[in-house]
Amino acid sequence: MRTRLCGSLRVEDVGAAVTLCGWVAKRRDHGEHLAFVDLRDHTGIVQCVVPGTVDVRSEYVIAVEGVVRPRPDGTANAELPTGEVEVGECVVTVLNPAEPPPFAVADRVEVDEVVRLKHRFVDLRRPSMQANLRLRATVNRALRAAMDRQGFVEVETPLLWAPTPEGAREFTVPSRLSPGACYVLPQSPQLAKQLLMVAGVDRYFQIARCLRDEDLRADRQFEFSQLDLEASFAGQEDVLEFVSEAVLDAAEAVTGVRPTDIPRMTWAEALDRYGTDKPDLRFGMELIDLTAVFEGTGVKAFGAASVKAIVLQDGAGLSRSRLDGITDRAKQLGAKGLAWFRVTADPGTGGDDPALALDSPLDRFLSDQERAGLLSATGASAGDLVLVVADEYRLACTVLGQLRVELGGRPVGEGPYRYVWVVDFPMFDGFDEAGNPVPAHHPFTMPHPEDLDRLESDPASVRSQAYDLVLNGWELGSGSVRIHRADIQSRVFSVLGIGEEEAQARFGFLLGAFRFGAPPHAGFAVGLDRLVAIFAGEDNIREVIAFPKTQSGADPMTGAPKPLAPGVLAGLGLQLIPSKG
RNA sequence: GGACCUGUGGUGCAGUUUGGAGUGCACGCCGGCCUGUCAAGCCGGAGGUCGCGGGUUCAAAUCCCGUCAGGUCCGCCA
């Protein structure tokens with residue numbers, strides 16, 4: 001039907017008779033003797049010249065027969081890769097007329113996202129969306145090739161799984177053959193891939209769909225994709241190597257440059273320096289500890305376990321209302337309050353190196369020693385803004401870590417790419433209502449061997465063999481060495497407050513399988529949507545998903561979710577409870 | 001469950017603070033003109049439940065209450 005693609009034509013093709021197919025991007029009609037039609041396909045746009053009139057409109061699907069020729073002197077278009085040439089003497093065949101699109105198919109046009117999603121098939125014609133889809137395919141291809149090369153075998157795992165409450169809310173699928181019973185859609189293939197290790201698959205991977213019925217965010221959809229992997233007779237070092245290889249291959253496939261090896265940082269260091277377990281290493285602005293400076297202080301607000309600060313360079317000019325807004329944000333993040341200090345040059349001292357002074361409601365409560373200590377510890381200069389949070393250590397860190405990202409010099413758009421492995425996560429993350437520790441990763445995570453003897457006596461201090469991959473402040477994925485021995489597993493369950501009976505009820509099939517020869521194994525999962533979004537320079541994963549949902553979980557195109565047709569529920573043995581109100 | 005922001009012809013916006021006739025801009029659409037344009041140009045035209053409901057008022061896009069939708073975030077996401 002076609003002999004060439006629109007975006008491929010160059011000066012070398014001059015003289016070639018071509019047939020092109022695509023959509024009308026633009027028609028410029030110059031009367032009965034001349035018309036230009038910009039023809040678009042997935043490869044780009046080329047100008048077609050019709051020696052007469054042509055009855056086409058935007059987004060008509062047409063075929064064009066013509067001859068490639070150089071453009072007349074002075075009419076080349078530097079904006080188009082095909083701009084040196086045009087297709088002349090064109091004969092246009094309308095393959096399918098089209099109604100005017102609800103919005104213009106062009107990257108520069110901003111359109112409400114609901115309108116875009118409702119007409120996603122039009123939205124995806126836009127060059128940037130085409131590029132995102134193809135970028136995603138490139139990443140998938142590179143990841144698959146890397147896993148294949150490293151001896152991993154791709155295995156598909158079930159979408160209809162058994163309810164195994166693990167943390168995230170699951171989507172439920174009622175069974176027709178067993179009325180009243182349900183499958184659930186897997187929040188990840190975690191248990192299936194561990195069973196594949198018991199099954200002797202040795203090295204498994206899958207580009208897996210995962211489904212979680214939790215509230216949506218810019219970086220979270222109900223359904224998302226992971227490069228999921230698991231390896232037998234492998235530990236943390238092996239897994240980090242496998243994943244690095246795959247991710248760096250993908251980066252190279254996309255950018256043409258292979259990043260250097262990925263540095264590592266312990267979880268404790270990430271929290272202390274960046275206030276998060278997913279540090280964005282593209283800029284500094286690290287957290288500064290002022291606890292020693294305010295030891296025994298008379299400033300009531302700083303009488304806390306930990307006092308930490310960040311310096312916003314040239315931030316002293318921020319308005320009072322802006323500072324109030326930042327304070328509100330700190331409170332929203334859980335802080336009791338936020339102290340700010342504008343650093344100014346002391347007008348009383350002159351010369352090349354004037355003394356520094358602080359402008360803050362709290363300044364008059366500071367001792368001279370505290371004032372000097374704050375300035376020297378932060379290294380702030382005139383014109384800077386110092387933000388201080390005094391609280392429990394972890395909260396002070398996380399609040400400032402979040403403000404660092406929101407206020408700091410975080411680069412936008414593509415590159416540079418700063419990867420980091422965050423290792424030595426804590427085994428547990430706080431305590432639940434019953435006083436039991438909550439697993440930071442999942443209950444099959446192997447404790448750090450050096451900390452194993454404190455599992456029962458001091459669980460909060462126990463590190464795990466869990467690790468995250470972070471890129472530019474996004475959590476790209478996480479993994480762990482799994483427990484493969486029954487004795488350690490039962491100790492962990494016991495610490496978690498999961499009794500033998502409950503463990504059997506929830507994970508019995510896995511524990512049962514482990515009795516038949518489970519190899520030591522470890523694994524990981526890389527969030528594909530996030531990886532592709534970062535490579536695409538998008539700050540929202542919806543931009544790299546063909547048909548995403550809105551934040552309330554709706555699809556404006558299909559109308560999902562929708563009530564079921566009458567009779568369908570009954571056929572499943574289900575009945576609706578009238579909603580209140 | 002909660003906070004904040006947004007909602008005005010097909011698209012993007014201004015108008016809302018300080019109530020006074022659906023007033024305006026750009027793009028698109030329809031018709032006409034035009035032989036080198038490329039965000040073509042010129043002339044003319046059509047197109048509106050100001051998200052929805054209620055209230056205040058002589059009068060509401062504008063003020064108040066509620067509600068719906070979207071976005072960002074908190075909670076949630078082992």
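As a basis for the values below, the full set of heavy atoms in this structure was taken, side chains included, without hydrogen atoms, waters or symmetry mates. The chains referred to below are lettered A, B, ... by the order of the sequence lines, with proteins before strands, and numbering in each begins at 1.
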Taking a pair as Watson-Crick or G-U wobble with both distances under 3.5 Å, which nucleotide is matched to [N]?
N: G44(B); value: C30(B)
N: A3(B); value: U72(B)
N: U23(B); value: A14(B)
N: G66(B); value: C52(B)

Under 4.0 Å from any atom of RNA chain B, heavy atoms only: list the residues of [range] that qualify, in numerical order.
range: residues 493-508 of chain A; value: none
range: residues 547-557 of chain A; value: T550(A), Q551(A), S552(A), A554(A)
range: residues 522-532 of chain A; value: none

The complete set of side-chain hydrogen bond (donor to acceptor under 3.5 Å, both in side chains) pairs with one or both residues in residues 97-112 of chain A, sequence neighbours excluded, reads D107(A)-S128(A)

The complete set of side-chain hydrogen bond (donor to acceptor under 3.5 Å, both in side chains) pairs with one or both residues in residues 491-510 of chain A, sequence neighbours excluded, reads E456(A)-R491(A), E500(A)-Q504(A), E502(A)-R506(A)

Quick one: label [X] by what it contacts on the DNA or RNA (base, sugar-phosphate, nothing), any heavy atom closer than 4.0 Å.
X: R217(A); result: base
X: N540(A); result: sugar-phosphate
X: E86(A); result: base
X: E79(A); result: nothing

Taking for N77(A) and for Q402(A) the nucleotide of RNA chain B with the nearest heavy atom, the one nearer the 5' end belongs to N77(A)

Can you tell me whether the side chain of [X] and the base of [N] have a donor-acceptor pair closer than 3.5 Å?
X: D215(A); N: G75(B); answer: yes
X: R108(A); N: G12(B); answer: no
X: R220(A); N: C77(B); answer: yes

Q.
Side-chain N or O of R542(A) versus OP1/OP2 of U72(B): is the shortest distance under 4.0 Å?
A. yes

Margin query: It should be established whether R28(A) places a side-chain nitrogen or oxygen under 4.0 Å from OP1 or OP2 of nucleotide U37(B).
Written below: no

Side chain to side chain contact (heavy atoms under 4.5 Å, CB included) filter on T172(A), not counting sequence neighbours, yields C182(A)

- Could you measure between the two C1' atoms, the one in G7(B) and the one in G48(B), and give it in whole Å? 15 Å

Listing time: all N or O pairs from protein to nucleotides 30-34 of chain B that are below 3.5 Å?
unit_1 : atom_1 : unit_2 : atom_2 : d
C30(B) : OP1    : R57(A) : NE     : 2.9
C30(B) : OP2    : R57(A) : NE     : 3.4
G31(B) : OP2    : R57(A) : NH2    : 3.0
C34(B) : N3     : D29(A) : O      : 3.1
C34(B) : N3     : G31(A) : N      : 3.4
C34(B) : N4     : G31(A) : N      : 3.4

Applied to residues 51-61 of chain A, the salt bridge (charged side-chain N to carboxylate O under 4.0 Å, His left out) test, sequence neighbours excluded, yields R40(A)-E59(A), D55(A)-R57(A), E59(A)-R125(A)

So the salt bridge (charged side-chain N to carboxylate O under 4.0 Å, His left out) pairs with at least one residue in residues 392-402 of chain A (sequence neighbours excluded) are R394(A)-D429(A)

In plain terms, say whether [X] and [Y] are close enough for a salt bridge, that is, a side-chain N and a carboxylate O under 4.0 Å apart.
X: R220(A); Y: E214(A); value: no
X: R28(A); Y: D38(A); value: yes
X: E475(A); Y: K278(A); value: no

At a cut-off of 3.5 Å, list every protein nitrogen or oxygen paired with a nitrogen or oxygen from nucleotides 2-4 of chain B, distance to 0.1 Å.
none

Residues at least two apart in sequence or cross-chain that pass ring pair (Phe, Tyr, Trp, His ring centres under 6.0 Å) with Y467(A), listed by chain then number, are F524(A)

Quick one, L333(A) and T398(A) - any side-chain contact, counting heavy atoms below 4.5 Å? no

Sort me out a list of protein N/O and nucleotides 9-11 of chain B N/O pairs below 3.5 Å, or just none if empty.
unit_1 : atom_1 : unit_2  : atom_2 : d
G10(B) : O2'    : P102(A) : O      : 2.7

For this session: Validate the cation-pi geometry between R530(A) and F224(A): distance from NZ or CZ to the six-membered ring centre under 6.0 Å, angle to the ring axis within 45°.
Result: no

